[in-house]
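Every number for a ligand or one of its atoms is a count from 1 in the order of the listing.
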Amino acid sequence: MLELLSEHRTFGGVQRFYRHESKEIGLPMRFSVFLPAEAEQGAVPGLFYLAGLTCTEETFPTKAGAQRYAAEHGLALIAPDTSPRGAGIAGEDESWDFGTGAGFYVDATREPWAGRYRMYSYLVRELVALVTGELPVDRQRLGIFGHSMGGHGALTLGLRNPELFRSISAFAPIAAPSRCPWGEKAFSGYLGEDRDAWRRYDASELVARLSRPLPHPILVDQGEADSFLADRQLLPEAFEAACKESGQSLTLRRHPGYDHGYYFIASFMADHIAHHAAILKA
Ligand SMILES: N[C@@H](CCC(=O)N[C@@H](CSC=O)C(=O)NCC(=O)O)C(=O)O
(Lines give C-alpha, C1' and ligand atoms only; values in the text may rest on other atoms or scores of the structure.)
Protein backbone atom coordinates (compact mmCIF):
# COMPACT_ATOMS: atom_id res chain seq x y z
CA MET A 1 0.00 0.00 0.00
CA LEU A 2 1.20 3.47 -0.88
CA GLU A 3 1.38 6.23 1.72
CA LEU A 4 1.28 9.71 0.16
CA LEU A 5 3.77 11.92 2.02
CA SER A 6 3.35 15.15 0.04
CA GLU A 7 1.94 16.49 -3.19
CA HIS A 8 2.82 19.67 -5.11
CA ARG A 9 1.16 21.04 -8.25
CA THR A 10 3.74 21.80 -10.93
CA PHE A 11 3.67 22.36 -14.72
CA GLY A 12 -0.03 21.45 -14.83
CA GLY A 13 0.60 18.07 -13.18
CA VAL A 14 1.58 16.91 -9.68
CA GLN A 15 4.87 16.04 -8.00
CA ARG A 16 4.25 13.44 -5.28
CA PHE A 17 6.38 11.68 -2.68
CA TYR A 18 5.38 8.23 -1.43
CA ARG A 19 6.47 5.69 1.18
CA HIS A 20 5.60 1.98 1.19
CA GLU A 21 6.63 -1.25 2.93
CA SER A 22 8.94 -3.13 0.56
CA LYS A 23 8.63 -6.92 0.50
CA GLU A 24 11.93 -7.33 -1.38
CA ILE A 25 13.91 -5.19 1.04
CA GLY A 26 11.93 -5.77 4.22
CA LEU A 27 11.99 -2.07 5.13
CA PRO A 28 10.00 1.07 4.26
CA MET A 29 11.13 2.60 0.96
CA ARG A 30 10.42 6.02 -0.55
CA PHE A 31 10.03 7.19 -4.14
CA SER A 32 8.86 10.26 -6.01
CA VAL A 33 6.46 10.50 -8.96
CA PHE A 34 5.62 13.31 -11.34
CA LEU A 35 2.26 12.83 -13.08
CA PRO A 36 1.44 15.10 -16.03
CA ALA A 37 -2.05 16.55 -16.54
CA GLU A 38 -2.86 13.74 -19.02
CA ALA A 39 -2.71 11.21 -16.16
CA GLU A 40 -6.05 12.58 -14.93
CA GLN A 41 -7.64 11.01 -18.05
CA GLY A 42 -5.85 7.63 -18.06
CA ALA A 43 -2.52 5.80 -17.94
CA VAL A 44 0.49 7.62 -19.43
CA PRO A 45 3.98 6.34 -20.40
CA GLY A 46 6.40 6.20 -17.46
CA LEU A 47 10.09 6.97 -17.21
CA PHE A 48 12.10 5.59 -14.27
CA TYR A 49 15.10 7.70 -13.19
CA LEU A 50 17.85 6.11 -11.09
CA ALA A 51 20.01 8.56 -9.14
CA GLY A 52 23.66 8.41 -8.15
CA LEU A 53 25.76 7.95 -5.03
CA THR A 54 24.53 9.89 -1.95
CA CYS A 55 21.19 10.77 -3.61
CA THR A 56 17.64 10.12 -2.45
CA GLU A 57 14.21 10.09 -4.12
CA GLU A 58 14.22 13.89 -3.69
CA THR A 59 17.38 14.68 -5.68
CA PHE A 60 15.95 14.24 -9.15
CA PRO A 61 12.65 16.13 -8.72
CA THR A 62 14.36 19.05 -6.98
CA LYS A 63 17.50 19.41 -9.14
CA ALA A 64 17.10 17.97 -12.65
CA GLY A 65 14.40 20.28 -14.02
CA ALA A 66 12.68 17.37 -15.78
CA GLN A 67 9.02 18.08 -14.94
CA ARG A 68 8.65 20.85 -17.58
CA TYR A 69 9.66 18.47 -20.39
CA ALA A 70 7.73 15.50 -19.00
CA ALA A 71 4.63 17.73 -18.89
CA GLU A 72 5.21 18.77 -22.52
CA HIS A 73 5.43 15.12 -23.64
CA GLY A 74 2.80 13.71 -21.25
CA LEU A 75 5.22 11.35 -19.45
CA ALA A 76 5.25 10.26 -15.79
CA LEU A 77 8.62 10.35 -13.97
CA ILE A 78 9.37 7.87 -11.19
CA ALA A 79 12.49 8.26 -9.02
CA PRO A 80 13.25 5.67 -6.31
CA ASP A 81 15.69 6.03 -3.44
CA THR A 82 19.24 4.76 -4.05
CA SER A 83 19.45 2.12 -1.29
CA PRO A 84 17.66 0.67 1.70
CA ARG A 85 17.70 3.03 4.71
CA GLY A 86 18.19 1.95 8.30
CA ALA A 87 18.97 -1.70 7.64
CA GLY A 88 21.06 -1.73 10.81
CA ILE A 89 24.06 -3.38 9.14
CA ALA A 90 27.41 -2.63 10.76
CA GLY A 91 29.41 -0.26 8.56
CA GLU A 92 26.56 0.75 6.22
CA ASP A 93 27.01 4.47 7.00
CA GLU A 94 30.81 4.50 7.01
CA SER A 95 31.47 5.54 3.39
CA TRP A 96 29.58 7.56 0.81
CA ASP A 97 30.23 5.08 -2.04
CA PHE A 98 29.10 1.86 -0.32
CA GLY A 99 26.10 0.99 1.87
CA THR A 100 23.49 3.68 2.54
CA GLY A 101 22.90 5.80 -0.59
CA ALA A 102 24.99 3.40 -2.66
CA GLY A 103 22.89 0.29 -3.36
CA PHE A 104 24.34 0.01 -6.90
CA TYR A 105 21.08 -1.50 -8.21
CA VAL A 106 22.22 -5.08 -7.52
CA ASP A 107 20.84 -7.96 -5.44
CA ALA A 108 23.57 -8.53 -2.87
CA THR A 109 24.56 -12.16 -2.37
CA ARG A 110 27.23 -11.58 0.27
CA GLU A 111 26.42 -11.32 3.97
CA PRO A 112 25.54 -9.17 5.82
CA TRP A 113 24.04 -7.32 2.82
CA ALA A 114 22.15 -10.16 1.11
CA GLY A 115 18.83 -9.93 2.95
CA ARG A 116 18.26 -6.18 2.52
CA TYR A 117 20.38 -4.77 -0.31
CA ARG A 118 18.15 -6.00 -3.14
CA MET A 119 17.70 -2.88 -5.27
CA TYR A 120 17.63 -4.82 -8.57
CA SER A 121 14.65 -6.99 -7.60
CA TYR A 122 13.04 -4.15 -5.68
CA LEU A 123 12.91 -2.08 -8.86
CA VAL A 124 12.25 -4.71 -11.54
CA ARG A 125 9.81 -6.86 -9.58
CA GLU A 126 8.26 -4.69 -6.92
CA LEU A 127 8.31 -0.99 -7.73
CA VAL A 128 7.31 -1.37 -11.38
CA ALA A 129 4.31 -3.51 -10.35
CA LEU A 130 3.37 -1.10 -7.57
CA VAL A 131 3.59 2.03 -9.70
CA THR A 132 1.79 0.58 -12.71
CA GLY A 133 -0.82 -1.11 -10.47
CA GLU A 134 -1.61 1.81 -8.17
CA LEU A 135 -0.95 4.88 -10.34
CA PRO A 136 -1.99 5.91 -13.88
CA VAL A 137 1.27 4.68 -15.46
CA ASP A 138 1.19 2.29 -18.45
CA ARG A 139 3.29 -0.88 -17.92
CA GLN A 140 3.53 -1.41 -21.69
CA ARG A 141 5.25 1.96 -22.19
CA LEU A 142 8.12 2.23 -19.70
CA GLY A 143 11.60 3.66 -20.16
CA ILE A 144 14.60 4.01 -17.85
CA PHE A 145 17.39 6.56 -17.40
CA GLY A 146 19.78 7.65 -14.69
CA HIS A 147 22.97 9.35 -13.63
CA SER A 148 26.38 7.99 -12.61
CA MET A 149 25.66 5.00 -10.31
CA GLY A 150 22.07 5.42 -11.53
CA GLY A 151 23.29 5.52 -15.14
CA HIS A 152 24.88 2.14 -14.48
CA GLY A 153 21.55 1.02 -13.01
CA ALA A 154 19.57 2.29 -16.00
CA LEU A 155 21.87 0.61 -18.54
CA THR A 156 21.95 -2.73 -16.71
CA LEU A 157 18.25 -2.90 -15.83
CA GLY A 158 17.36 -1.78 -19.34
CA LEU A 159 19.70 -4.23 -21.09
CA ARG A 160 18.51 -7.13 -18.93
CA ASN A 161 14.81 -6.31 -19.25
CA PRO A 162 14.20 -5.03 -22.80
CA GLU A 163 10.54 -6.12 -22.75
CA LEU A 164 9.93 -4.06 -19.62
CA PHE A 165 12.03 -0.96 -20.35
CA ARG A 166 11.65 -0.04 -24.01
CA SER A 167 13.88 3.04 -24.02
CA ILE A 168 17.23 3.66 -22.27
CA SER A 169 19.48 6.67 -21.67
CA ALA A 170 22.11 7.78 -19.16
CA PHE A 171 24.04 10.80 -17.93
CA ALA A 172 27.71 10.11 -17.14
CA PRO A 173 27.05 6.45 -16.26
CA ILE A 174 29.50 4.16 -14.48
CA ALA A 175 29.67 2.25 -17.73
CA ALA A 176 32.11 -0.56 -16.90
CA PRO A 177 31.84 -1.06 -13.12
CA SER A 178 33.96 -4.24 -13.07
CA ARG A 179 36.91 -2.12 -14.19
CA CYS A 180 36.66 0.99 -11.97
CA PRO A 181 37.32 1.62 -8.25
CA TRP A 182 33.67 2.41 -7.34
CA GLY A 183 32.39 -0.73 -9.04
CA GLU A 184 35.13 -2.99 -7.71
CA LYS A 185 34.42 -1.84 -4.16
CA ALA A 186 30.63 -2.24 -4.51
CA PHE A 187 30.67 -5.55 -6.37
CA SER A 188 33.21 -7.22 -4.11
CA GLY A 189 31.23 -6.01 -1.08
CA TYR A 190 27.78 -6.97 -2.33
CA LEU A 191 28.58 -9.91 -4.63
CA GLY A 192 31.90 -11.32 -3.43
CA GLU A 193 35.13 -11.94 -5.33
CA ASP A 194 33.76 -14.15 -8.14
CA ARG A 195 34.04 -11.80 -11.10
CA ASP A 196 31.72 -13.98 -13.19
CA ALA A 197 28.90 -12.89 -10.87
CA TRP A 198 29.75 -9.25 -11.64
CA ARG A 199 29.07 -9.58 -15.38
CA ARG A 200 25.29 -9.53 -14.95
CA TYR A 201 25.58 -6.05 -13.48
CA ASP A 202 28.15 -4.58 -15.85
CA ALA A 203 26.67 -2.64 -18.78
CA SER A 204 29.74 -3.06 -21.01
CA GLU A 205 29.79 -6.83 -20.42
CA LEU A 206 26.04 -7.09 -20.99
CA VAL A 207 25.97 -5.06 -24.19
CA ALA A 208 28.97 -6.89 -25.66
CA ARG A 209 27.08 -10.17 -25.23
CA LEU A 210 23.71 -9.08 -26.60
CA SER A 211 22.44 -11.82 -28.89
CA ARG A 212 20.30 -9.26 -30.72
CA PRO A 213 20.74 -5.46 -30.59
CA LEU A 214 17.90 -3.52 -28.97
CA PRO A 215 15.48 -1.98 -31.48
CA HIS A 216 16.28 1.59 -30.38
CA PRO A 217 19.55 3.49 -29.85
CA ILE A 218 20.82 4.10 -26.33
CA LEU A 219 21.53 7.77 -25.57
CA VAL A 220 24.49 8.66 -23.30
CA ASP A 221 25.70 12.17 -22.44
CA GLN A 222 29.10 12.73 -20.83
CA GLY A 223 30.73 15.96 -19.63
CA GLU A 224 34.38 16.27 -20.60
CA ALA A 225 35.25 18.29 -17.48
CA ASP A 226 33.81 15.57 -15.21
CA SER A 227 36.41 14.82 -12.53
CA PHE A 228 35.11 11.25 -12.20
CA LEU A 229 35.77 10.75 -15.92
CA ALA A 230 39.38 11.80 -15.36
CA ASP A 231 39.54 9.44 -12.35
CA ARG A 232 38.53 6.57 -14.68
CA GLN A 233 35.36 5.78 -12.70
CA LEU A 234 33.02 6.10 -15.71
CA LEU A 235 34.76 4.58 -18.77
CA PRO A 236 32.29 5.56 -21.54
CA GLU A 237 34.87 4.41 -24.09
CA ALA A 238 34.51 0.83 -22.81
CA PHE A 239 30.76 0.96 -23.31
CA GLU A 240 31.20 2.51 -26.76
CA ALA A 241 33.59 -0.30 -27.80
CA ALA A 242 31.22 -2.95 -26.42
CA CYS A 243 28.28 -1.48 -28.37
CA LYS A 244 30.37 -1.59 -31.55
CA GLU A 245 31.21 -5.25 -30.83
CA SER A 246 27.56 -6.31 -30.63
CA GLY A 247 26.14 -3.87 -33.16
CA GLN A 248 24.09 -1.99 -30.57
CA SER A 249 23.21 1.51 -31.74
CA LEU A 250 24.58 4.13 -29.32
CA THR A 251 24.45 7.92 -29.38
CA LEU A 252 27.34 8.97 -27.12
CA ARG A 253 27.73 12.75 -26.87
CA ARG A 254 30.76 14.32 -25.21
CA HIS A 255 30.27 17.89 -23.95
CA PRO A 256 33.31 20.14 -23.40
CA GLY A 257 33.32 22.04 -20.11
CA TYR A 258 30.50 20.17 -18.35
CA ASP A 259 31.18 18.47 -15.00
CA HIS A 260 29.42 15.59 -13.22
CA GLY A 261 26.69 17.48 -11.42
CA TYR A 262 23.06 18.45 -11.87
CA TYR A 263 23.89 21.63 -13.84
CA PHE A 264 25.14 19.24 -16.54
CA ILE A 265 22.13 16.95 -16.20
CA ALA A 266 19.62 19.82 -16.38
CA SER A 267 21.35 21.16 -19.51
CA PHE A 268 20.56 18.02 -21.53
CA MET A 269 17.36 16.89 -19.82
CA ALA A 270 15.14 18.08 -22.69
CA ASP A 271 16.98 15.80 -25.12
CA HIS A 272 16.65 12.77 -22.85
CA ILE A 273 12.93 13.23 -22.28
CA ALA A 274 12.43 13.72 -26.04
CA HIS A 275 14.48 10.55 -26.74
CA HIS A 276 12.22 8.48 -24.48
CA ALA A 277 8.98 10.13 -25.63
CA ALA A 278 9.80 9.40 -29.30
CA ILE A 279 10.14 5.67 -28.51
CA LEU A 280 7.39 5.29 -25.92
CA LYS A 281 4.78 7.29 -27.81
CA ALA A 282 5.52 5.90 -31.31
N1 LIG B 1 31.23 12.82 -1.96
C2 LIG B 1 30.35 13.80 -2.41
C3 LIG B 1 30.01 13.61 -3.86
C4 LIG B 1 28.94 12.63 -4.18
C5 LIG B 1 28.47 12.82 -5.61
O6 LIG B 1 29.09 13.48 -6.40
N7 LIG B 1 27.35 12.21 -5.94
C8 LIG B 1 26.80 12.39 -7.27
C9 LIG B 1 26.67 11.07 -7.93
S10 LIG B 1 28.27 10.32 -8.12
C11 LIG B 1 27.94 8.79 -8.78
O12 LIG B 1 27.00 8.12 -8.60
C13 LIG B 1 25.47 13.09 -7.17
O14 LIG B 1 24.60 12.92 -7.99
N15 LIG B 1 25.34 13.91 -6.13
C16 LIG B 1 24.11 14.62 -5.86
C17 LIG B 1 24.15 16.06 -6.22
O18 LIG B 1 23.22 16.75 -5.83
O19 LIG B 1 25.06 16.49 -6.95
C20 LIG B 1 29.16 13.94 -1.52
O21 LIG B 1 29.06 13.16 -0.58
O22 LIG B 1 28.32 14.81 -1.74
Side-chain angles (χ1 to χ4, degrees), residues 15 17 30-32 34 47-67 77-85 91-106 108 113 117 119-120 122-123 144-158 168-191 198 201-204 220-239 252 254-255 257-269 272:
Q15 179 66 55
F17 294 87
R30 294 178 182 230
F31 64 95
S32 60
F34 168 75
L47 190 46
F48 282 75
Y49 177 89
L50 307 186
L53 294 164
T54 72
C55 294
T56 71
E57 75 287 354
E58 284 187 312
T59 312
F60 174 71
T62 55
K63 289 189 162 185
Q67 294 94 337
L77 300 168
I78 304 102
D81 202 350
T82 53
S83 77
R85 304 269 161 186
E92 79 181 326
D93 296 326
E94 272 171 17
S95 50
W96 65 275
D97 55 2
F98 186 75
T100 303
F104 263 85
Y105 306 105
V106 303
W113 311 97
Y117 277 66
M119 290 300 289
Y120 181 89
Y122 166 65
L123 290 166
I144 191 161
F145 68 152
H147 168 232
S148 196
M149 175 184 74
H152 139 74
L155 294 176
T156 53
L157 267 64
I168 307 174
S169 74
F171 298 94
I174 303 173
S178 306
R179 292 180 246 172
C180 75
W182 276 339
E184 287 178 338
K185 178 174 177 178
F187 287 3
S188 56
Y190 294 134
L191 306 173
W198 298 12
Y201 296 109
D202 184 310
S204 295
V220 173
D221 278 318
Q222 176 62 60
E224 287 187 341
D226 182 331
S227 61
F228 297 125
L229 178 69
D231 291 346
R232 301 193 56 74
Q233 296 281 21
L234 306 175
L235 304 175
E237 65 279 8
F239 189 67
L252 170 58
R254 294 177 167 90
H255 303 284
Y258 285 87
D259 67 20
H260 196 66
Y262 271 79
Y263 295 111
F264 156 65
I265 294 171
S267 303
F268 301 102
M269 184 53 69
H272 282 247

Any protein N/O atoms within less than 3.5 Å of an N/O atom in ligand 1? List the atom names and distances, or say none.
residue: ligand 1; atom: 7 (N); partner: Leu53; partner atom: O; Å: 3.0
residue: ligand 1; atom: 12 (O); partner: Leu53; partner atom: N; Å: 2.8
residue: ligand 1; atom: 12 (O); partner: Ser148; partner atom: OG; Å: 2.7
residue: ligand 1; atom: 12 (O); partner: Met149; partner atom: N; Å: 3.0
residue: ligand 1; atom: 18 (O); partner: Lys63; partner atom: NZ; Å: 2.4

Aromatic ring proximity, centroids under 6.0 angstrom, Phe264 and His147
no
* Do Phe104 and Phe98 have their ring centres less than 6.0 Å from each other? -> no
| field | From CA spacing to verdict: side chain to side chain contact (heavy atoms under 4.5 Å, CB included), Tyr258, Asp226 | value | CA-CA 6 Å; Tyr258 285 87; Asp226 182 331; over 6 Å; no
TODO: Go through the steps for Tyr105 and Leu123 under the test side chain to side chain contact (heavy atoms under 4.5 Å, CB included), then give the verdict.
DONE: CA-CA 8 Å; Tyr105 306 105; Leu123 290 166; 3.4 Å; yes
Heavy-atom closest pair (Tyr201 atom, His152 atom, distance to 0.1 Å) is O-CE1, 3.0 Å
With Glu237 as partner, the option from Arg179, Arg232, Arg254 fulfilling salt bridge (charged side-chain N to carboxylate O under 4.0 Å, His left out) is Arg232
